Amino acid sequence: MAIRFYNSLTNQTEDFQPLEAGVVRMYSCGPTVYDFAHIGNFRSFLFADLIRRFLEVMGNDVTHIMNITDVGHMTDDHLADGGGEDKMEAAAKRLKEDKKSGKVPDGAIENPDDPYQVAQFFTDAFLEDSRKLGLKIAFEYPQNIPHATNHIQDMQEMIDELIKSGHAYVGPDGAVYYSVESFPKYGSLSGNTLDQLREGSGGRVQQNDQASKKHPADFLLWKPDQSHIMKWDSPWGMGYPGWHIECSVMARKLLGRDVIDIHTGGEDLIFPHHECEIAQSCGASGEDHFARFWMHARFLMVEGEKMSKSKGNFYTVRDVLGGKVTGREVHPAVLRYELIRSHYGSNMNFTEKGLKDSAAAVRKLNEFNAMLEAKTGGEAAEVDNSHPVLAGFLGALSDNLNISGALGVLFPWMSGPHENPQESLAVLRTINRILDVAPMEHAEELQSESSDAGGFDPAELCKGIDDARANKDYGRADELRNQLQDAGYEVRNSPEGTIATKQLA
RNA sequence: GGUGCGGUAGCCAAGUGGCCUAAGGCGAUGGAUUGCAAAUCCAUUAUUCGCGGGUUCGAAUCCCGCUCGCACCUCCA
């Protein structure tokens, strides 16, 4: 079964083979930690998670690295004078307000004026969200999730290499720039040419920002700036690194290679970020490639519109899980499923209806799992990937991660007969190593049996319904059922009597 | 203006030359079941694939033109 992925570098779907058989080295651009991550961020992170889990089930040993960008970049970092507001300061300001208003609990962060504390606060929030959504890499912190600020020295070393090899220069303003003209392939990932970039820069980039650069597309590697909130000593003065260099450096260092197998990120990162990474890494290594496969997730839309704070359709993970979309709590497995069920190569439209559809699918999968577990006592048979259902499921994913095709194999199989439940359980478990929703590892139980606070006891109400029905007091039974439903429970009959399960979304 | 992706049923979405009179899911409708519901099960739900040409024995799938949507080219996943 050949694995084929769409490679943004060649704009073609190509056979995927890791450089070293059975070992995959992949790098994913991670979050900036100036705020809570939103569901669009997580679509991209979950897309990387899906690749990783799929490759593992296919028998590969995958090393996955994802960075935490905690260097306090400027909002206008792309400008040569590094103007604008410091993102870390802006984050601190927000945190202080949130602390006052009680949105951030007391003690969650001691001193918002310490940028490292701000970064750690949002890093922790990111890790918490990630673990809830089943991002495997989040359980590998900190070893596989490096902080940029822990690699400043390494960045300086690469900058030095680039200067020595003629790919970088110190401008008249003292800043270190990468010279795009020194790297003929600059633009090959995004389809830009230097001429186009020069034209495109007209009118948008202010003249004085360009004065120190040899070419308008030259980008910052090190900016001497005493006033910056986070700053480090360097051969080019006290200052901070450019925002592309960290990925080149950490990928090389943690994956131990100049050429890696897969690099992922959101589509917006193709240019300039990934273009610049390639220039830096290849400039430093002399290799033809940095990553052999570049894979990019398309943007997520919300109810047909681009997500933006001003439109009010901007959701963080905690917003969605907390019920901001549906009006009731959403189980993490539902959001995970919703964010991975559509193909990464198309824009996904996040809707309330879609979320509810996903809840139904997740519930179905979990009930199927529970049925098999009960029938087998948890004893699964041995199956390998040649099992027809797995071959179909994995075969679809092998075709550039065709998740719809894969689910199109899973669902009909699920509702078919299962004469050998031990075998079926083994198949489901393998599939769930990729989907991680039935059951979701590390997540709280899907069915909360415990009684809620405030004296609301679903089990008690269920018993009341059964008693009322036994007495043919249907008015009473309906009343109790309504109470449960209003509280967000699904109510149904079973041979053991009435059962109430919490709605998943 | 440049670059890339896409327009398939009410919605999501697979299929990229014959097995397609087009997977799968959701929804809807009818039936079984139920005190009524829910859940479950069964059945039905696109002769048609943005529009117009063309190539071919044969096209949703290839070519040309048009059109609409999205994204990037500037911080953004």
Side-chain angles (χ1 to χ4, degrees), chain A residues 6 8 11 13 28-32 34-35 37-48 73-79 84-85 87 187 189-193 195-197 199-205 209 217 243 264-275 296-301 304-309 337-339 341-351 353-354 356-361 363-364 367 392 396 399 402-415 468-469 472-475 477-478 481-482 484-485 489-494 498-501:
Chain A
Y6 182 85
S8 306
N11 287 132
T13 305
S28 300
C29 283
T32 54
Y34 315 127
D35 205 344
H38 56 71
I39 53 175
N41 297 126
F42 269 92
R43 158 134 142 123
S44 164
F45 301 150
L46 284 168
F47 146 67
H73 291 294
M74 310 300 280
T75 50
D76 295 333
D77 229 8
H78 56 290
L79 302 181
E85 194 181 6
K87 290 178 182 174
L189 175 67
S190 57
N192 284 312
T193 64
D195 285 345
Q196 278 166 11
L197 289 169
E199 280 173 34
S201 70
R204 270 204 291 264
V205 179
D209 294 320
W243 74 281
T264 73
E267 61 173 322
D268 57 314
L269 293 183
I270 293 172
F271 190 89
H273 186 54
H274 288 164
E275 198 74 76
H296 294 97
R298 298 277 160 206
F299 263 46
L300 170 148
M301 319 284 288
E305 288 189 291
K306 185 168 174 174
M307 184 163 67
S308 74
K309 284 185 178 168
Y337 184 88
E338 170 70 4
L339 291 175
R341 70 194 261 233
S342 58
H343 190 83
Y344 75 91
S346 322
N347 292 120
M348 123 161 226
N349 190 15
F350 180 87
T351 60
K353 184 178 182 303
K356 289 189 166 161
D357 285 359
S358 290
R363 189 179 51 68
K364 207 166 176 173
E367 282 175 1
D399 179 16
N402 182 351
I403 184 76
S404 296
L407 295 174
V409 171
L410 173 61
F411 278 94
W413 168 70
M414 235 179 10
S415 49
R469 292 182 66 205
K472 294 204 188 319
D473 183 357
Y474 297 123
D478 289 347
R481 183 166 67 196
N482 285 337
L484 276 164
Q485 284 173 340
Y489 284 81
E490 286 173 37
V491 182
R492 60 202 148 110
N493 287 333
S494 80
T498 302
I499 295 176
T501 50

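Small disclaimer: the values here were computed from a predicted structure and weren't measured. Residue numbers start from 1 in every chain, and the chains themselves are labelled A, B, ... in the order their sequence lines are given, proteins ahead of strands.
- Looking at heavy-atom distances under 4.0 Å, Y474(A) makes contact with a base.
- Of the candidate nucleotides rG35(B), rC41(B), rA77(B), rG35(B) has the atom nearest to the side chain of A477(A).
- Within the 4.0 angstrom heavy-atom criterion, only backbone atoms of the sugar-phosphate kind lie near G266(A); the bases stay farther away.
- Aromatic stacking of F299(A) on rA71(B): not satisfied for centres closer than 5.5 Å together with planes under 30 degrees.
- Picking from rG4(B), rC72(B), rG25(B) the nucleotide with the shortest atom distance to the side chain of F411(A) gives rG25(B).
- The side chain of T32(A) approaches rA77(B) more closely than any other nucleotide in the set rC72(B), rG4(B), rA77(B).
- Considering only the side chain of S404(A), rA14(B) comes nearest among rA14(B), rC36(B), rC72(B).
- Side-chain atoms of K306(A) lie closest to rC76(B) of the nucleotides rC76(B), rG24(B), rA77(B).
- Checking rC70(B), rC73(B), rC36(B) against the side-chain heavy atoms of D478(A) singles out rC36(B) as nearest.
- Note on E490(A): nothing from the nucleic acid sits closer than 4.0 angstrom, heavy atoms only.
- In this structure, rG6(B) and rC68(B) make a Watson-Crick or G-U wobble pair, each of the two defining distances being under 3.5 angstrom.
- Taking the six-membered ring where the residue is Trp, H273(A) and W243(A) present parallel rings, their angle staying beneath 30° rather than reaching 60°.
- Checking rA39(B), rC76(B), rA14(B) against every side-chain atom of N41(A), the shortest atom distance belongs to rC76(B).
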